[in-house]
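Each remark here refers to the structure printed beneath this line.
Keep in mind the model is a prediction, meaning the values are calculated, not measured. Note on naming: letters A, B, ... go to the chains in the order of the sequence lines (proteins, then strands), and numbering restarts at 1 for each one.
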Amino acid sequence: MPVLALVDCNAFYASCERVFRPDLAHRPVVVLSNNDGCIVARSPEAKALGIRMGQPAFQCADLLRRHQVAVFSSNYALYGDMSARVMDTLARFSPAMEVYSIDEAFLDLAGLPDPEAHARRMRETVRRHTGIPVSVGIGPTKTLAKIANRLAKTDPACGGVLDLCGRDDLERILGGVEVEEVWGIGRRHAAWLRGLGVRSALEFSRLPREVVRRRMTVVGLSTLLELQGVSCLDLEQAPAPPKSVVASRSFGRPVTEAGEMREAVAFHAARAAERLRGKGCVAGNILVFVQTNRFIAGEPQYAVSDTAAFAVPTADTAAVIRQGQAVLERIFKPGFRYKKTGVMLYGLEPAAARRGSLLESPRDAARSRALMQVVDGINARHGRDAVTFAATGVDRPWRMRQGSRSPRYTTVWDELPEVRAG
DNA sequence: TCTGGGGTCCTAGGACCC
DNA sequence: TCTGGGGTCCTAGGACCC
């Protein structure tokens with residue numbers, strides 16, 4: 001029987017901000033999504049105020065002001081770096097670990113005499129080394145570990161750790177878990193289940209398998225079996241190679257001009273190509289999309305995408321920009337107030353595995369790789385965007401708002417926190 | 001005025017091939 | 001005139017996750 005622990009950082013982004021702002025220790029803190037649009041992280045004090053996850057910031061602006069909530073724009077350089085520190089610490093507690101997301105990891109704790117005690121040590125160590133509070137849920141399957149983790153977080157009696165392995169009151173516990181709280185059951189399926197009269201994780205786990213499979217596919221069936229203690233989702237230690245890379249953003253204000261749109265597409269194309277190189281891949285295909293603001297009722301809506309294949313799989317910024325703009329030409333229609341655009345690169349393969357092609361000369365390919373290496377090298381040393389392509393624009397009047405970003409404390413020299421004596 | 005961004009997996013259906 | 005069965009690949013759409 002597997003023993004799986006899910007370690008999940010509490011209010012991760014908000015906790016990262018607090019590490020560098022001890023004055024905020026017991027104050028409500030929220031972090032906003034890109035473009036300062038939605039709430040994406042809330043400290044416990046902010047949760048207590050009734051601020052919802054994913055809530056548009058403008059809707060609760062009043063509440064934020066009234067309770068003097070500390071508000072931060074998201075700062076991914078900081079969160080990514082803090083995440084790496086947490087994961088490094090966790091890795092010392094198990095030989096088998098899966099980094100599941102920026103703030104979560106599954107660990108295999110099988111064979112330990114006392115997994116719960118181990119988890120408590122782990123929790124203390126992460127806290128001491130990084131300042132980030134975490135919760136640990138333990139169970140015989142990933143889905144049950146997820147549930148354990150949620151209970152560990154919400155029930156103060158747990159002290160941040162809960163082990164569901166070998167509990168004889170498991171059914172009672174699952175009976176108290178709302179069906180929409182189960183990992184893998186989203187809004188649509190929850191609504192359908194409620195319609196059937198299914199309210200709890202326990203009731204879901206007792207549905208006929210064929211009924212679940214027909215409506216929720218094999219994915220839903222796995223969830224059901226995992227709740228019964230049958231492990232269907234393995235620990236994935238090696239990260240799977242990526243299948244696609246996306247770069248997209250909402251605009252800071254509506255865009256109507258083709259020229260601005262071309263700039264933005266070039267900008268995202270360059271970002272996507274950069275990320276692709278970072279992963280050591282080349283892409284065979286590109287997709288470009290544009291869309292208007294679907295929240296504005298009565299305004300003409302337009303949302304389309306189109307794709308193109310590269311003659312030769314590539315990670316060359318110039319090639320990606322060129323092809324991206326060619327696709328944009330086909331889909332851009334004047335007369336709309338655009339909200340967002342983006343570029344997806346897919347059909348990825350490892351750059352190293354690629355063989356030469358009749359369509360490109362080996363010399364061109366080598367020159368492209370050398371140029372990209374120089375660009376990436378300069379940007380790594382002197383900051384992102386030290387060298388850019390002219391097509392990506394200079395002033396970028398369409399770029400997103402980001403009013404309250406904290407310093408990149410741990411990744412940019414100029415923004416290191418200072419400690420003053422006395 | 002203001003509503004994120006980046007991913008994965010599954011299924012169905014069409015094109016095409018033998 | 002009739003009109004199989006099996007396979008692959010691709011795309012679009014839906015659902016979910018953090």
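For the 3.5 Å distance criterion, the side chains of Q228(A) and R209(A) qualify, holding a donor opposite an acceptor.
Here, dC18(C) and dT3(B) have their P atoms 24 Å apart, quoted to the whole Å.
Rounded to whole angstrom, the span from the CG atom of L221(A) across to the C1' atom of dT11(B) amounts to 15 Å.
Residue K146(A) has a polar side-chain atom (N or O) positioned under 4.0 Å from OP1 or OP2 of dC18(C). Between S250(A) and dG5(B), a side-chain N or O to OP1/OP2 separation shorter than 4.0 Å is present. When the side-chain nitrogen and oxygen atoms of K340(A) are compared with OP1 and OP2 of dT3(B), none of them lie within a distance under 4.0 Å. For the OP1/OP2 pair of dC18(C) and a distance below 4.0 Å, the side-chain nitrogens and oxygens of W183(A) include at least one atom meeting the criterion. In this structure, S244(A) reaches the dT8(B) phosphate: one of its side-chain N or O atoms is under 4.0 Å from OP1 or OP2. In this structure, R214(A) does not reach the dT11(B) phosphate: none of its side-chain N or O atoms is under 4.0 Å from OP1 or OP2. Phosphate proximity of dC9(B) to K243(A): present, with a side-chain N or O under 4.0 Å from OP1 or OP2.
Listed candidates were dC2(B), dG5(B), dC18(C). Nearest to the side chain of K339(A) is dC2(B). Of the candidate nucleotides dC18(C), dG7(B), dT3(B), dT3(B) has the atom lying nearest to any side-chain atom of N293(A). Closest approach to the R188(A) side chain among dC16(C), dT3(B), dG5(B) is made by dC16(C) (side chain taken as heavy atoms from C-beta onward). Taking only side-chain atoms of S248(A), from C-beta outward, the nucleotide of dC17(C), dC16(C), dG5(B) with the closest atom is dG5(B). Looking at the side chain of T217(A), the nearest of the listed nucleotides dC10(B), dA15(C), dC18(C) is dC10(B). Checking dG4(B), dT11(B), dC17(C) against the side-chain heavy atoms of V218(A) singles out dT11(B) as nearest. The side chain of V246(A) lies closest to dG6(B), out of dC17(C), dG6(B), dT3(B). Of all nucleotides listed (dG6(B), dG4(B), dT11(B)), dG6(B) comes nearest to the side chain of R249(A). Of the candidates dC10(B), dG6(B), dT3(B), the closest approach to any side-chain atom of R275(A) belongs to dG6(B). Taking every side-chain heavy atom of E104(A) into account, dC18(C) is the closest of dC16(C), dC18(C), dT11(B).
Considering R123(A), K153(A), R150(A) as possible partners of D8(A), the one that fulfils the salt bridge (Lys or Arg N to Asp or Glu O under 4.0 Å) test is K153(A).
Between W398(A) and Y338(A), the gap from one ring centroid to the other reaches at least 6.0 Å.
Nucleotide dG7(C) has dC16(B) as its partner under the Watson-Crick or G-U criteria, with both atom distances under 3.5 Å.
When side chains are defined from C-beta on, V31(A) counts as touching Y79(A), because their heavy atoms get closer than 4.5 Å. Residues L6(A) and V136(A) have side chains not in contact (no heavy-atom distance under 4.5 Å, counting atoms from C-beta outward).
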